[in-house]
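What follows is a set of notes on a single structure, which appears directly below.
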Amino acid sequence: MKFKAEIDVMPLEALLDPQGKAVTNSMPTIGLPEITGVRVGRHVRLFVDAPSKEAATEKVELACKKLLSNQIMESYSYTVEEA
C-alpha cells in the first residue's frame, strides 16, 4: 500500500527564529502591522510504501528523527494517510 505523509518542522518555541523575526518586522512595511509572532519552518510531503498505516507511521517517525529534523532545535508533527 502507498501512504502520503505531510510533515511540518518548526523551530522550538524557546529558540530565536531569525527568519520569523525578519518576516514579522516586514509586516508593517506592507501594510499588515496586525500580523505578529511569525515563525518560519518547513513543510515536507513524502510517500511511503508499507503494508499498513502503522508501518508507514513508524517509517515517517524514523525519517523525522534521523534526517528531517534537528531535535535539539526543532519540533515536528505529521499526518499519514492512504495515498
Side-chain angles (χ1 to χ4, degrees):
M1 297 177 67
K2 187 175 278 287
F3 295 89
K4 177 176 77 169
E6 301 278 347
I7 304 162
D8 291 312
V9 181
M10 295 294 294
L12 292 174
E13 290 296 326
L15 297 178
L16 294 175
D17 178 9
Q19 284 182 295
K21 185 170 179 68
V23 172
T24 298
N25 291 341
S26 296
M27 288 299 173
T29 306
I30 62 169
L32 297 169
E34 57 278 342
I35 296 178
T36 62
V38 177
R39 307 277 298 168
V40 175
R42 295 186 309 283
H43 182 81
V44 179
R45 177 182 300 141
L46 55 82
F47 293 89
V48 182
D49 288 316
S52 67
K53 183 175 181 178
E54 293 76 21
T57 300
E58 287 177 18
K59 297 294 182 183
V60 170
E61 180 72 24
L62 195 58
C64 289
K65 284 183 177 178
K66 289 192 167 189
L67 180 65
L68 299 177
S69 73
N70 176 345
Q71 294 183 52
I72 295 170
M73 299 171 37
E74 298 171 317
S75 64
Y76 60 87
S77 61
Y78 56 83
T79 60
V80 177
E81 62 185 39
E82 199 168 326

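Keep in mind that the numbers below use all heavy atoms, side chains included, and drop hydrogens, waters and symmetry copies.
The two residues Asn25 and Thr29 have their closest heavy-atom pair at O-OG1, 4.2 Å. Looking at every heavy atom in both residues, Leu46 comes nearest to Leu68 through CD2-CD1, 4.0 Å. The shortest heavy-atom contact between Ala50 and Phe3 is O-CE1, 3.5 Å. The two residues Pro51 and Ala55 make their nearest non-hydrogen contact at CD-CB, 3.9 Å.
Heavy atoms from other residues, nucleotides or ligands lying under 6.0 Å from NZ of Lys66 number 12 at most. Residue Ile30 places its CD1 atom among more than 12 non-hydrogen atoms of other residues, nucleotides or ligands, all under 6.0 Å distant. More than 12 non-hydrogen atoms from other residues, nucleotides or ligands lie less than 6.0 angstrom from CE of Met27.
We find the CD-NZ distance between Glu61 and Lys65 to be 4.5 Å, quoted to the nearest 0.5 Å. Taking OG1 of Thr57 as the start and CG of Leu62 as the end, the distance is 12.5 Å to the nearest 0.5 Å. Atoms CZ and CG, on Arg39 and Asp17 in that order, are 4.5 Å from each other to the nearest 0.5 Å. Asp8 CG to Ser69 OG: the interatomic distance, rounded to the nearest 0.5 Å, is 12.0 Å. Atom CE in Met10 sits 9.5 Å away from atom CD in Glu74 (nearest 0.5 Å).
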Checklist entry - When you look at Arg42 and Tyr76, which way does the side-chain contact (heavy atoms from CB on, under 4.5 Å) test go after all the steps? => result CA-CA 9 Å; Arg42 295 186 309 283; Tyr76 60 87; over 6 Å; no

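You'll find the side chain of His43 reaches within 4.5 Å of the side chain of Glu6, heavy atoms only. When side chains are defined from C-beta on, Val48 does not count as touching Val80, because their heavy atoms never get closer than 4.5 Å.
Lys21 contributes no side-chain N or O that, together with a main-chain N or O of Leu16, makes up a donor-acceptor pair within less than 3.5 Å.
Transitive grouping of hydrophobic side chains (ILVMFWY, heavy atoms separated by less than 4.5 Å) brings Met1 and Tyr78 into a common cluster.
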